[in-house]
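Being a predicted model, the structure only gives us computed values, none of them experimental. The chains referred to below are lettered A, B, ... by the order of the sequence lines, with proteins before strands, and numbering in each begins at 1.
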There are 2 protein chains.
Amino acid sequence: MDSTSQPTPGKPVRGSKTGQPIMVIFDLLGRSWAMGIIWHLNNGPSTFRRLQKYCENISPTTLNTRIKELTKAKLIIRTVDGYTLTDHGLQLFKLIHPLGKWAKNWAKNYQDI
Amino acid sequence: MDSTSQPTPGKPVRGSKTGQPIMVIFDLLGRSWAMGIIWHLNNGPSTFRRLQKYCENISPTTLNTRIKELTKAKLIIRTVDGYTLTDHGLQLFKLIHPLGKWAKNWAKNYQDI
DNA sequence: TCCATACACTACAAATTATGTAGCAATACT
DNA sequence: AGTATTGCTACATAATTTGTAGTGTATGGA
């Protein structure tokens with residue numbers, strides 16, 4: 001089945017052997033669409049299909065893998081209304097939220113590539 | 001040679017077709033070791049080998065690819081002292097900096113996986 | 001109840017990325 | 001000149017992501 005390695009504090013992660021929390025979170029968030037999912041869920045609970053649609057047709061395989069990882073990491077949880085951010089997840093969202101404004105500014109100053 | 005797609009505002013990125021800045025930055029930062037590199041460079045300029053060592057022996061291939069991408073994105077730049085954060089890069093670091101503290105707390109509350 | 005939808009996934013093969021080892025050219029030092 | 005270090009590149013293997021198709025389960029009428 002799915003043998004993706006779950007980034008876990010204290011255990012080696014993709015790239016990092018020490019399992020420092022920051023490296024663990026970098027690994028977790030560094031996987032495809034992880035931040036996008038958290039970003040979207042801030043708008044409220046979402047079903048699998050809606051999430052998939054929002055994430056510009058992310059493949060169901062990847063979405064499902066990401067959901068499992070984020071759930072194990074206790075950043076999201078499944079409720080009757082769909083997937084939702086946990087308290088931890090919400091805190092994390094608040095931390096990455098400023099990236100939105102920064103990214104727009106960065107994009108504006110982005111030239112001649 | 002290396003045909004990695006550079007995440008660029010306004011252009012489709014890995015996963016996102018609209019090229020919204022936040023999605024672009026998620027793609028860029030979501031690649032292996034990207035955030036780790038920025039994290040480390042906050043400690044001052046670093047040479048290729050030192051960076052490699054710091055990033056727990058990231059493969060030179062990946063490091064080089066990441067360096068090229070981050071340089072094109074104007075987040076880092078090469079100086080006589082080694083690779084350094086640009087102003088944009090420093091701003092970005094400041095935004096992700098709180099993740100360190102958050103991650104430690106998250107890791108503490110992380111159980112029964 | 002039977003049929004049609006819609007949802008939440010799973011299977012699986014192909015494409016893209018990352019890793020790890022080896023090594024090369026350029027500079028610095030002795 | 002000889003040696004060491006740095007900044008990479010080559011290349012084969014491994015891991016991740018994608019895309020398409022399809023399965024099983026609920027829900028909603030007719």
Side-chain angles (χ1 to χ4, degrees), chain A residues 1-8 11-18 23-24 26-37 40-41 45-73 76-84, chain B residues 1-8 11-17 23-24 26-37 40-41 44-73 76-84:
Chain A
M1 187 144 303
D2 188 357
S3 65
T4 310
S5 62
Q6 172 75 13
T8 307
K11 291 186 190 174
V13 294
R14 190 179 53 157
S16 172
K17 281 145 198 126
T18 59
M23 291 305 168
V24 175
F26 281 168
D27 182 8
L28 190 60
L29 295 183
R31 299 180 179 197
S32 149
W33 276 108
M35 289 191 275
I37 290 170
H40 177 54
L41 286 184
S46 186
T47 62
F48 191 95
R49 295 258 164 152
R50 281 217 311 147
L51 208 40
Q52 199 180 354
K53 207 171 185 177
Y54 177 81
C55 293
E56 304 184 43
N57 296 316
I58 175 179
S59 82
T61 319
T62 307
L63 178 55
N64 191 36
T65 306
R66 234 28 21 102
I67 283 175
K68 280 180 186 160
E69 289 165 3
L70 293 174
T71 301
K72 275 196 176 176
I76 68 175
I77 196 170
R78 189 176 181 185
T79 69
V80 282
D81 296 325
Y83 297 101
T84 320
Chain B
M1 186 142 300
D2 188 357
S3 65
T4 310
S5 62
Q6 172 75 13
T8 307
K11 291 187 190 173
V13 295
R14 189 178 54 157
S16 172
K17 282 146 197 122
M23 290 306 167
V24 175
F26 281 169
D27 182 8
L28 190 60
L29 295 183
R31 298 178 180 198
S32 149
W33 276 108
M35 289 190 274
I37 290 169
H40 176 54
L41 286 185
S46 185
T47 62
F48 190 95
R49 294 258 164 154
R50 280 217 312 148
L51 208 41
Q52 198 180 354
K53 206 171 185 178
Y54 177 81
C55 293
E56 303 183 45
N57 296 316
I58 175 180
S59 82
T61 320
T62 307
L63 178 55
N64 191 37
T65 305
R66 231 37 9 109
I67 282 175
K68 279 180 187 161
E69 290 165 1
L70 294 174
T71 301
K72 275 197 177 178
I76 68 174
I77 195 171
R78 191 177 178 183
T79 69
V80 283
D81 296 327
Y83 297 100
T84 320

**Report entry** B/R31 side-chain N/O to B/T62 backbone N/O, donor-acceptor pair under 3.5 Å
**Finding:** no

Report summary line: Checking C/dA18, D/dT6, D/dT17 against the side chain of B/R49 (C-beta onward), the nearest is D/dT6

Query raised in the report: Roughly, in whole Å, what's the span from CD1 in A/I58 to C1' in D/dG19?
Result: 12 Å

Query raised in the report: For the pair made of OH in A/Y83 and C1' in C/dA8, what is the distance, rounded to whole Å?
Result: 7 Å

Report task. Compare the minimum distances between each of C/dC9, D/dG7, C/dT19 and the side chain of A/P60, then state the nucleotide with the smallest one. Result -> C/dC9

Query raised in the report: So what does A/T62 hit on the nucleic acid, given a heavy-atom distance under 4.0 Å: a base, only sugar-phosphate, or nothing?
Result: base

Query raised in the report: Just to confirm, is there a sub-4.0 Å distance from OP1 or OP2 of C/dA18 to any side-chain nitrogen or oxygen of A/R31?
Result: no

Query raised in the report: Starting at CG of A/L51 and ending at P of C/dA6, how long is that distance when rounded to a whole Å?
Result: 20 Å

Report task. Evaluate the criterion side-chain contact (heavy atoms from CB on, under 4.5 Å) for residue pair B/R78 and B/T71; output intermediate values, then yes/no. Result -> CA-CA 8 Å; B/R78 191 177 178 183; B/T71 301; over 6 Å; no

Query raised in the report: When the distance from CZ of B/F48 to C1' of C/dT27 is rounded to whole Å, what number comes out?
Result: 17 Å

Query raised in the report: So does A/I67 have more than 12 non-hydrogen atoms from other groups sitting under 6.0 Å from CD1?
Result: yes

Requested in this report: With heavy atoms under 4.0 Å as the rule, sort B/R50 into base, sugar-phosphate or nothing.
Outcome: nothing

Query raised in the report: Over how many whole Å does the gap from A/K53 atom NZ to C/dA8 atom P extend?
Result: 12 Å

Query raised in the report: Once you round it to whole Å, what is the distance between C1' of C/dA18 and CG of B/N57?
Result: 15 Å

Report summary line: Which of D/dG19, D/dG7, C/dC9 is nearest the side chain of A/S59? It is D/dG19

Report task. Please report, rounded to the nearest Å, how far the P atom of D/dT20 is from the CG atom of A/L63. Result -> 16 Å

Requested in this report: For the side chain of B/S32, starting at C-beta, report the closest nucleotide among C/dT19, D/dG7, D/dT9.
Outcome: C/dT19

Report summary line: Out of D/dC11, D/dG7, D/dT18, minimum distance to the side chain of B/T61 belongs to D/dC11

Report task. Report yes if a side-chain nitrogen or oxygen of B/R66 is closer than 4.0 Å to either non-bridging phosphate oxygen (OP1 or OP2) of C/dT17; otherwise report no. Result -> no

Query raised in the report: Could you walk me through whether B/F48 and B/L63 pass the side-chain contact (heavy atoms from CB on, under 4.5 Å) check?
Result: CA-CA 8 Å; B/F48 190 95; B/L63 178 55; 3.8 Å; yes

Query raised in the report: Does a side-chain heavy-atom distance below 4.5 Å link A/M35 with B/L29?
Result: yes

Query raised in the report: Taking atom P of D/dA15 as reference, at what distance in whole Å does atom CH2 of B/W33 sit?
Result: 18 Å

